[in-house]
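Report on one structure; see the data block that follows.
Note that the structure is predicted; figures quoted are calculated from it, not measured. Residue numbers start at 1 and run along the sequence shown. Values below: all heavy atoms of this structure, side chains included; hydrogens, waters and symmetry mates excluded.
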Amino acid sequence: IRLFAAALFAIVIVSPSAISFTHPSASIFLPHTNTNHRRSSSRQHGDGRPAASIDADRFRDITPIKSHHQGTEPSPPPLPMSSQDTSWGRPPYLALLTEPDACTSLQRVEETIRAIEQATMDGGVTLVVVRVVDDSSNETSLNKWTLLKNLADMKQRQRGGFLLIVNDDVDIVVRALTQNIAVDGVHVKEHNAHLIPSIRQKLEHATKTSSSSNPLNENEQNHSGNIIIGTSCHSLQSATTSYQLSPRGPDYLFVGTCYLTQSHPEKTSLDQLEGPSLPGIIKRATKTMPQSPPLSPQPIILAIGGIDEQNCHEPVSLGADGVATIRTVMQASDPTQTVHRMKKAMQHNDAE
């Protein structure tokens, strides 16, 4: 007994990690930056903050930083599968877009990652879209790549808890796919929607190239194998044209503008808006349109433009599959709770 007690005491002294506990919060990966700042809910984008200096080596040396979000980690959702229905889960859906200035500095990249981590941690966000102002500078490009890689890592830690899309940048998606980074697809601008079939072919080729050059087993694949391509529309005619593209149109449509929003400052009155009823009108219309090819999935219809906690239920009650938002979540003091409230509001109306 004395020998056993002595051995146990030695184990505890020599290896205290054997009885330590790890906080359940997930780590996120960021370049070496000053992390002592905290985002203020009163921040306004484009406020003239000096951009952080960029050193290419810092992007190759990525270190883990513990999340500051407290709380119990939820059970992760199941991995997305290769069909649209299983990749998207069940409606109503919530899409989250980054703010336009998300890549103007490393500080903004970090703020964006932390907000999205909190917003997605309970599985309430279906789609995350990296949509930033691209000024073609080297700094912005590096920051955008860093943001995308971190979000892809986050998605993998959450076991594919959300779909990751890049707005209007096919090249960066191809680059990510060929490096087996967990990106699901691209959002194509409305005036380029006719290019969706060729873009899909290009992305599927990149996926196959990645699979052949980096063979992994089924459980190690970093993307779902189902390329997701979306576009925007502001009219029934635009939606019809894109939906009937051959051999396949978009997987989802952002339909708006539903309400007054900073994203469209040129629309200053209600009569200039498409309104919250258009998404439902398009949803019903696609059910009766000829499919190309036959039996291809109908696009997911997401209302966009001025969506917030107070009005998110309305487009869903009028027939939309869900909504897309930016500042309501990205500038929230508690993104997790904001997402919970929006999902609850939409689900309540969907049940009715």
Side-chain angles (χ1 to χ4, degrees), residues 25-26 28 38-46 67-71 74 77 88-89 91-104 107-133 147-148 150-151 154-155 158 161-167 187 230 232 252 254-264 276 279 300 302-316 320-350:
S25 297
I28 62 176
R38 293 290 183 268
R39 180 183 175 112
S40 171
S41 60
S42 63
R43 182 194 61 76
Q44 299 180 2
H45 38 239
S67 167
H68 294 283
H69 185 83
Q70 301 295 323
W88 285 82
Y93 307 111
L94 177 60
L96 178 59
L97 287 69
T98 63
E99 294 178 87
D101 69 336
C103 293
T104 55
Q107 176 177 322
R108 287 295 293 118
V109 170
E110 180 179 349
E111 291 170 351
T112 300
I113 291 170
R114 293 194 185 284
I116 293 176
E117 180 187 35
Q118 294 181 41
T120 60
M121 66 181 303
D122 288 345
V125 174
T126 308
L127 188 75
V128 173
V129 182
V130 176
R131 188 173 77 169
V132 298
V133 174
L147 175 60
L148 185 61
N150 276 276
L151 293 179
M154 184 190 302
K155 171 185 170 176
Q158 295 181 8
F162 56 86
L163 296 168
L164 180 57
I165 303 295
V166 181
N167 181 71
H187 185 91
S232 303
Y252 71 87
F254 283 162
V255 181
T257 307
C258 293
Y259 306 98
L260 295 175
T261 172
Q262 296 180 41
S263 297
H264 288 281
I300 302 295
L302 300 170
I304 194 170
I307 302 295
D308 58 29
E309 289 187 54
Q310 286 68 46
N311 62 29
C312 64
H313 67 281
E314 187 175 15
V316 174
D321 293 311
V323 300
T325 187
I326 305 175
R327 298 168 188 85
T328 296
V329 173
M330 294 302 298
Q331 293 186 4
S333 58
D334 190 337
T336 306
Q337 290 304 314
T338 300
V339 168
H340 283 174
R341 289 191 293 268
M342 293 183 72
K343 291 285 285 189
K344 184 176 181 180
M346 289 191 292
Q347 289 167 348
H348 177 73
N349 279 272
D350 193 49

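The salt bridge (charged side-chain N to carboxylate O under 4.0 Å, His left out) check on R341 picks up E309, with sequence neighbours excluded. Scanning for side-chain contact (heavy atoms from CB on, under 4.5 Å) contacts around T126 gives W88, Y93, with sequence neighbours left out. With sequence neighbours left out, T120 forms a side chain to side chain donor-acceptor pair (under 3.5 Å) with Q158. Every residue was checked against the side chain to side chain donor-acceptor pair (under 3.5 Å) condition with T98, not counting sequence neighbours, and none meets it. Partners of L151 by side-chain contact (heavy atoms from CB on, under 4.5 Å), not counting sequence neighbours, listed by chain and number: I116, V128, V130, L147, M154, L164.
Looking at every heavy atom in both residues, T261 comes nearest to G306 through CB-N, 3.4 Å. Heavy-atom minimum distance, L302 versus A95: CD1-CB, 4.0 Å. Minimum interatomic distance between V316 and G322 (heavy atoms only, all atoms of both residues): CG2-CA, 4.0 Å. V132 approaches A102 most closely through the heavy-atom pair CG1-CB, 3.8 Å. Nearest heavy atoms, P279 versus C258: CG-SG, 4.0 Å. When all heavy atoms are compared, the tightest approach of M346 to C312 is CG-O, 3.7 Å.
When side chains are defined from C-beta on, I307 counts as touching P315, because their heavy atoms get closer than 4.5 Å. Residues I165 and Y252 have side chains in contact (heavy-atom distance under 4.5 Å, counting atoms from C-beta outward). Annotation: side chain of Q262 is not in contact with side chain of I326 (no heavy-atom distance under 4.5 Å). With a 4.5 Å cut-off on side-chain heavy atoms, C103 and R108 do not count as touching. Contact of the N167 side chain with the L97 side chain is not registered, since no non-hydrogen atoms from C-beta on lie closer than 4.5 Å. Counting heavy atoms from C-beta outward, R131 and H187 have side chains that stay 4.5 Å or more apart. For the pair V323 and T325, the minimum side-chain heavy-atom distance is 4.5 Å or more.
At distances below 3.5 Å, at least one donor-acceptor pair connects side-chain atoms of K343 with backbone N or O atoms of P92. For the pair D122 (side chain) and T336 (backbone), a donor-acceptor distance under 3.5 Å is absent. No side-chain donor-acceptor contact under 3.5 Å links D101 to the backbone of T104.
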- May I have the step-by-step check of side-chain contact (heavy atoms from CB on, under 4.5 Å) for F254 and V129, ending in yes or no? CA-CA 11 Å; F254 283 162; V129 182; 4.1 Å; yes
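Here CE of M330 is found 11.5 Å from OG1 of T338. Values are rounded to the nearest 0.5 Å. Atom-to-atom distance recorded for R114:CZ and Q118:CD is 9.0 Å, nearest 0.5 angstrom.
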